[in-house]
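Right, one structure below, let's go through it.
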Amino acid sequence: MNLQPKALAFVREPRKLIGAILLLSAVILILYIPVTKNRRLMTIGIMAFMYIALGESWNIGAMTGLFSIAHSAFFGLGVYGITITLTRFQGPVIAGILAGLILNIILAVIIGGISSKLSGLYFTMALIGLSATIYSLSVQWVSLTGGSSGISMPRAYLLPKRTLYFIALGIAVLSMIFYVFLRRSKAGTCFVTTRENPSLAAALGSNVPFWRILSTVLSASMAGLCGSFYAFHLMSNNSEVFSGAYSLKIMMVSIVGGINSVWGPVLGCLLIIMDEYIRGSMPSGLAPLSVVIYALILILMALVKPAGLASFFEKPGDRHAAKN
Amino acid sequence: MLLKIENATTRFGGLVANDHINMEIEKGDIVGLIGPNGAGKSTIFKSIVGFNPLSEGRIFFKGQSLSGKMTHKICRLGITCTFQHAQLFTNISLEESVLMGAYCRKKTKAQARALALEMINFTGLAGREKLKISGLNMFERKKAELAAALATGPELLLLDELFAGLVPTEIQRMLDLIRRVHGELGITLFIVEHVLRVIMSLCTKIYVLEYGHVIAQGTPESVTQNPLVIKAYLGEDYDASRDIQS
């Protein structure tokens with residue numbers, strides 16, 4: 001019998017209480033930063049929000065077991081799609097976003113198609129090959145991409161920092177809502193069963209190749225949209241956006257935060273905040289050392305909390321065998 | 001005729017797992033398939049649900065050829081199976097696992113969920129919906145797999161060693177459950193089983209496979225008295241009458 005009012009549930013579950021307090025303070029902080037007009041804090045916020053959205057996008061791929069180690073390919077196509085449309089073809093912003101989306105959907109269908117033929121190591125190799133191809137193209141196709149020096153967005157599209165901050169916040173919140181919506185829908189059930197046991201899922205009537213491709217397309221499109229946004233933030237874009245460093249950061253945000261949890265990327269973006277902060281405060285000669293710190297954190301997390309930071313806020317029995 | 005298998009042959013390289021197999025299943029039957037390990041029982045099951053394409057021959061379900069059809073399409077037509085080692089969706093809740101099956105015929109989540117809960121109740125797993133599959137014991141996992149298969153609304157259900165690894169009291173309860181699946185839900189059953197007590201007490205017709213060939217077929221009594229079967233599978237000194245009564 002449960003006669004206690006619902007609000008008291010927090011008292012009985014301290015984990016949820018801590019979570020609620022942290023969430024409340026985060027919301028206050030997020031709303032306070034634009035008031036301070038501190039450009040550096042706003043930049044850190046923009047990066048953190050963008051990585052939340054990228055992390056959710058990675059998580060949607062992970063729902064079907066797609067372990068995307070080359071997520072920057074999708075992200076970079078978004079960046080280049082909009083930059084090239086705006087500079088080379090003087091098209092409207094919406095055309096640029098669509099260009100990035102279409103490129104991403106094409107790439108995602110290819111990758112999703114490969115993933116239903118190849119598995120494990122071979123799929124990973126194919127993915128690395130594809131992303132290396134795209135990176136090379138972005139460097140070599142100088143007339144279109146500007147080569148390794150990249151291309152800049154037209155000055156007319158320079159947006160105020162505060163506007164960018166709120167757009168980024170919107171993207172992050174929308175991506176979280178989308179993740180939750182998707183996870184609870186029929187597609188979510190078909191995605192996770194594909195990851196757990198594709199043969200059984202097929203025997204139960206699930207069109208496994210279709211769901212694999214759909215999750216890749218959704219994941220890629222979200223990453224591409226983040227890229228389109230990032231182009232406005234960075235303004236001078238170059239092939240760096242296709243690099244492994246971005247893929248690695250996206251994976252770290254998702255894995256350290258916790259795969260298969262909407263709060264995972266939110267907690268994982270603490271890493272990005274730390275990254276931006278440390279890089280800003282350290283003497284420039286020491287900056288490369290930050291990689292060592294990330295590596296140590298990743299190893300530590302793998303040893304201590306393999307299920308990710310988000311698992312701190314779950315009941316101990318939630319993830320495995322609650323026997324009662 | 002619900003299912004008709006014509007000259008089904010499956011070769012894996014040089015190995016012939018199924019050699020010109022002919023089988024017929026009528027609506028309402030409970031058909032058993034027995035044979036020593038490696039006789040090709042699971043292979044023919046996998047061919048029916050579209051996991052292994054046949055090298056030769058054809059399979060018809062209600063007069064419609066299943067050749068070249070993908071597994072999920074075959075499930076839509078009304079055939080599903082349970083797997084040999086109760087391989088479920090380990091990290092997913094019981095409710096969502098059964099929900100996956102229910103989405104086969106129900107379009108909205110509310111309808112699918114209602115059907116999933118009905119099947120969870122039917123298999124006697126009520127109250128455990130929110131548990132992950134990894135939190136269930138072997139008996140419960142087998143029932144969960146059965147519930148998920150039933151939620152797809154099959155006309156023909158293939159059970160691959162559903163009783164393996166169960167203790168005698170659980171076998172009895174599972175037998176009762178399977179009889180209800182047949183009687184109350186009206187589902188035709190095709191069963192691969194090593195537990196002979198199950199085969200003998202459930203089946204109306206039995207096929208015996210050895211080295212990919214059908215060596216005998218008929219009622220449980222006739223099959224167990226067939227000298228070929230006794231020699232190949234049951235051993236020289238098997239007493240059929242004892243098993244039938246137990």
Side-chain angles (χ1 to χ4, degrees), chain A residues 2 13 59 62-65 67 113 116-117 119 180-215 255 258-261 264 306-308 310-311 314-324, chain B residues 45-46 48-51 70-83 85-93 95-109 111-113 116 127-128 130-137 145 147-154 157-158 160:
Chain A
N2 190 357
E13 289 183 44
N59 251 341
M63 267 200 236
T64 46
F67 202 83
S116 50
K117 300 281 173 211
S119 60
V180 172
F181 163 78
L182 195 67
R183 179 66 188 81
R184 291 185 182 169
S185 71
K186 175 182 178 180
T189 298
C190 293
F191 286 173
V192 292
T193 51
T194 296
R195 178 193 68 214
E196 294 289 321
N197 188 341
S199 308
L200 181 60
L204 295 177
S206 162
N207 187 347
V208 170
F210 170 78
W211 297 114
R212 272 213 175 104
I213 291 174
L214 183 68
S215 92
I255 296 172
I259 303 178
N260 302 324
S261 157
S311 62
E314 289 176 357
K315 272 186 282 175
D318 266 5
R319 227 157 240 275
H320 297 287
K323 283 181 180 151
N324 48 8
Chain B
F45 264 34
K46 284 179 183 162
I48 296 171
V49 292
F51 283 127
M70 285 174 72
T71 305
H72 70 272
K73 288 270 167 62
I74 293 174
C75 179
R76 286 275 164 85
L77 289 177
I79 308 179
T80 192
C81 62
T82 68
F83 287 76
H85 302 291
Q87 341 169 306
L88 261 155
F89 309 117
T90 318
N91 295 311
I92 293 177
S93 74
E95 184 182 322
E96 196 168 15
S97 301
V98 182
L99 192 62
M100 178 69 254
Y103 276 128
C104 181
R105 298 202 195 276
K106 302 290 178 193
K107 289 289 156 266
T108 69
K109 185 169 181 181
Q111 289 171 340
R113 195 160 171 274
R128 305 184 81 70
K130 300 290 170 210
L131 288 187
K132 298 228 161 119
I133 296 298
S134 54
L136 302 178
N137 65 35
E145 193 167 354
L150 291 176
T152 67
L157 178 58
L158 313 183
D160 197 352

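Note that these values count all heavy atoms, side chains included, but never hydrogens, waters or copies made by symmetry. Chain letters run A, B, ... following the sequence lines, proteins first and then strands; every chain starts at 1.
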When rounded to the nearest 0.5 angstrom, what distance separates OG1 in A:T193 from CG in B:N91?
12.5 Å
Where B:F83 and A:A203 come nearest, the two heavy atoms and their spacing:
CE1-CB, 3.9 Å
Which residues share a salt bridge (charged side-chain N to carboxylate O under 4.0 Å, His left out) with B:R105, sequence neighbours left out
none
Using non-hydrogen atoms and a 4.5 Å limit, figure out which bit of B:T152 sits close to chain A: side chain, backbone, both or neither.
side chain
Which of these passes side chain to side chain contact (heavy atoms under 4.5 Å, CB included) with B:F89: A:T194, A:N197, A:T189?
A:N197
Looking at chain B, which one of A:G205, A:G188, A:A201 has the largest number of heavy-atom pairs inside 4.5 Å, strictly under?
A:G205
In short, salt bridge (Lys or Arg N to Asp or Glu O under 4.0 Å) pairs touching residues 183-201 of chain A with sequence neighbours left out are A:R183-B:E96
Non-hydrogen atoms of chain B under 4.5 Å away: do they reach the side chain of A:S199, the backbone, both or neither?
both
In terms of heavy-atom proximity below 4.5 Å to chain A, should B:S97 be classed as side chain, backbone, both, or neither?
backbone
If I take atom CZ from residue A:F210 and atom CE from residue B:M70, how far apart are they, to the nearest 0.5 angstrom?
12.0 Å
Smallest separation among heavy atoms of A:L204 and B:C104, with atom names:
O-CB, 3.8 Å
Answer with side chain, backbone, both or neither: which region of B:Y103 has an atom nearer than 4.5 Å to a non-hydrogen atom of chain A?
both
What heavy-atom pair brings A:C190 and B:M100 nearest, and what distance separates the two atoms?
SG-CE, 3.5 Å
What pair of heavy atoms forms the shortest contact from B:C75 to A:A202, and how long is it?
CB-O, 4.3 Å
